[in-house]
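Atom set for the values below is all heavy atoms of this structure, side chains included, hydrogens, waters and symmetry mates excluded. Chain naming here is simple, since letters A, B, ... match the order of the sequence lines and numbering starts at 1 in each.
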2 protein chains.
Amino acid sequence: MATSTAAQRREQAKRDYDAFLDQCPTRELLSRLTDKWVALVIPALVDGPQRHGQLAQRIAGVSQKMLTQTLRTLERDGLVTRTVTASVPVRVDYELTPLGHELFPVMIAIKNWAETHMDRVFEARTQYDARP
Amino acid sequence: MATSTAAQRREQAKRDYDAFLDQCPTRELLSRLTDKWVALVIPALVDGPQRHGQLAQRIAGVSQKMLTQTLRTLERDGLVTRTVTASVPVRVDYELTPLGHELFPVMIAIKNWAETHMDRVFEARTQYDARP
DNA sequence: CGGTATCCAATGAGATACTG
DNA sequence: CAGTATCTCATTGGATACCG
């Protein structure tokens, strides 16, 4: 029998799941992907493994709690690996998995879109707020 | 003097704004773009104007309040237009602006990613939860 | 250094009822 | 039909202090 290819399975998945539907599990995944810090954490990891402290510096303003929490969720979802090196003090590295690398283009796109179109959004807001 | 092209201005904007920085206004825009219903509303509008009721049907499970609230924010940000036709009962149509159409590819990408990779995320979660 | 635990303020978001 | 107004509850996320 013919085994389905990975591409075929992905096609199948796209038919099975539909985020427009209520109670579809992709709704929950969608809300994970749009979590506050995900669009910054994934791009921050794209150039290779990063330590917790490095990430905290790179992503200015993130609290330790939220960074850890975000990384845990990403780890559970198979997007990031967490590697502990037993030393004193302990060293922890985070790295994108292959699945995480597949998510990267989507996340960098959203980040870039915001940076690129900020001005036009500002203009629109000014006009909207100036309405009678 | 040479006027800068739109492409050049976009390049400039990408240099000026950096969502990795705290207090950068793109942080706020990023959080708007990742609001719960935006990744569903934008794709739902891509094929042309839609009435409030149509959208509510298409995006199963959204409350009227959240739909209106999301559309208002998108309108203020210049991504959607709101057109009222005075009749009885009144008719309201929402439509993507050119800026909204520019955002569409990003939003559909995230929606598609979730639908396409749901299975792999599920597997990862199962493995993670089964750990000692 | 990295992580956990606790507490608490702010926001998000649903349900319901009412208006033009 | 579309929208507003409350009311209420759950979730988010930050600050702080403590542990390995």
Side-chain angles (χ1 to χ4, degrees), chain A residues 19 21-24 27-41 44-45 49-77 80-95 128 131-132, chain B residues 19 21-24 27-41 44-45 49-77 80-95 128 131-132:
Chain A
L21 303 179
D22 206 2
Q23 42 44 338
C24 179
R27 280 282 176 87
E28 188 268 349
L29 178 55
L30 207 52
S31 78
R32 290 276 77 72
L33 298 180
T34 55
D35 269 355
K36 181 166 185 178
W37 297 106
V38 171
L40 295 176
V41 169
L45 284 170
Q50 296 275 319
R51 301 185 60 173
H52 182 103
Q54 294 178 298
L55 286 172
Q57 262 199 304
R58 183 91 192 273
I59 305 169
V62 67
S63 68
Q64 196 195 37
K65 172 187 165 181
M66 289 316 298
L67 183 54
T68 299
Q69 188 174 302
T70 303
L71 288 165
R72 278 289 182 291
T73 307
L74 293 175
E75 187 195 1
R76 177 165 183 263
D77 287 352
V80 158
T81 57
R82 177 172 178 271
T83 310
V84 182
T85 307
S87 57
V88 182
V90 70
R91 174 196 175 99
V92 182
D93 286 278
Y94 293 94
E95 187 173 12
Y128 184 95
R131 295 188 320 181
Chain B
L21 303 179
D22 206 1
Q23 46 35 346
C24 180
R27 279 282 176 88
E28 188 269 346
L29 179 55
L30 208 51
S31 79
R32 290 275 77 72
L33 298 180
T34 54
D35 269 356
K36 181 167 184 179
W37 298 104
V38 172
L40 295 176
V41 169
L45 284 171
Q50 296 276 317
R51 301 185 60 174
H52 182 101
Q54 294 177 300
L55 286 172
Q57 263 200 302
R58 183 90 191 274
I59 306 167
V62 67
S63 68
Q64 197 196 35
K65 172 188 165 182
M66 289 316 299
L67 182 55
T68 298
Q69 187 174 300
T70 303
L71 288 166
R72 279 289 182 291
T73 307
L74 293 175
E75 188 194 0
R76 177 166 184 263
D77 287 352
V80 159
T81 57
R82 177 172 177 272
T83 309
V84 181
T85 307
S87 58
V88 182
V90 70
R91 173 195 176 99
V92 183
D93 287 279
Y94 294 93
E95 187 173 13
Y128 184 94
R131 295 188 319 180

Problem set entry | Consecutive Watson-Crick or G-U pairs in runs of at least 3, all under 3.5 Å, in which DNA chain C is involved | C:2-20 with D:1-19
Seminar exercise, completed: What one should report as the nearest heavy-atom pair of Tyr128(B) and Arg72(A) is OH-CD, 3.8 Å
Exercise. dG2(C) phosphate, OP1 or OP2: any side-chain N/O from Arg82(A) under 4.0 angstrom?
Worked result: no
For this session: With heavy atoms under 4.0 Å as the rule, sort Arg91(A) into base, sugar-phosphate or nothing.
Result: nothing
Can I get a per-line list of side-chain donor-acceptor pairs under 3.5 Å for residues 49-66 of chain B, giving both atom names and the distance, sequence neighbours left out?
residue: Gln54(B); atom: OE1; partner: Arg51(B); partner atom: N; Å: 2.7
residue: Ser63(B); atom: OG; partner: Met66(B); partner atom: N; Å: 3.2

Find every protein N or O atom lying less than 3.5 Å from an N or O atom of nucleotides 9-11 of chain D, and list the pairs.
none

Exercise. So, is Arg51(A) close to the dG2(C) phosphate, meaning a side-chain N or O under 4.0 Å from OP1 or OP2?
Worked result: yes
Exercise. Separation of Glu75(B) atom CD from dA2(D) atom P, in whole Å?
Worked result: 15 Å
Problem set entry | side chain to side chain donor-acceptor pair (under 3.5 Å) partners for Arg27(B), two or more places apart | none
For this session: Specify the residue among Gly61(A) and His52(B) whose closest nucleotide of DNA chain D lies further upstream toward the 5′ end.
Result: His52(B)
For this session: Look at the side-chain N and O atoms of Arg32(A) and state whether any lies under 4.0 Å from the OP1 or OP2 oxygen of dT12(D).
Result: yes
Problem set entry | Atom-to-atom span, CZ of Arg72(B) to C1' of dT4(D) - whole angstrom | 10 Å
Exercise. Taking atom P of dG13(D) as reference, at what distance in whole Å does atom CH2 of Trp37(A) sit?
Worked result: 9 Å
For this session: With sequence neighbours left out, write down each residue that passes side-chain contact (heavy atoms from CB on, under 4.5 Å) with Ala19(A), or none if nothing qualifies.
Result: Thr26(A), Leu30(A), Leu40(B), Lys111(B), Glu115(B)
Exercise. Does a nitrogen or oxygen in the side chain of Lys36(B) sit under 4.0 Å from OP1 or OP2 of dG14(C)?
Worked result: yes
Exercise. Taking atom C1' of dC1(C) as reference, at what distance in whole Å does atom CG of Asp93(A) sit?
Worked result: 12 Å
For this session: Please determine if a side-chain N or O atom of Tyr94(B) lies less than 4.0 Å away from the OP1 or OP2 oxygen of dC1(D).
Result: no
Exercise. Whole-Å distance between dG3(C) P and Leu55(A) CG?
Worked result: 10 Å
Exercise. Listed by chain and number, what are the salt bridge (Lys or Arg N to Asp or Glu O under 4.0 Å) partners of Glu28(B), not counting sequence neighbours?
Worked result: Arg125(A), Arg32(B)
For this session: Among residues two or more places apart or on two chains, list those pairs meeting side chain to side chain donor-acceptor pair (under 3.5 Å) that have a residue in residues 80-92 of chain A.
Result: Arg82(A)-Tyr94(A), Arg91(A)-Asp93(A)
Tabulate atom names and distances for all N/O pairs under 3.5 angstrom spanning the protein and nucleotides 15-20 of chain D.
none

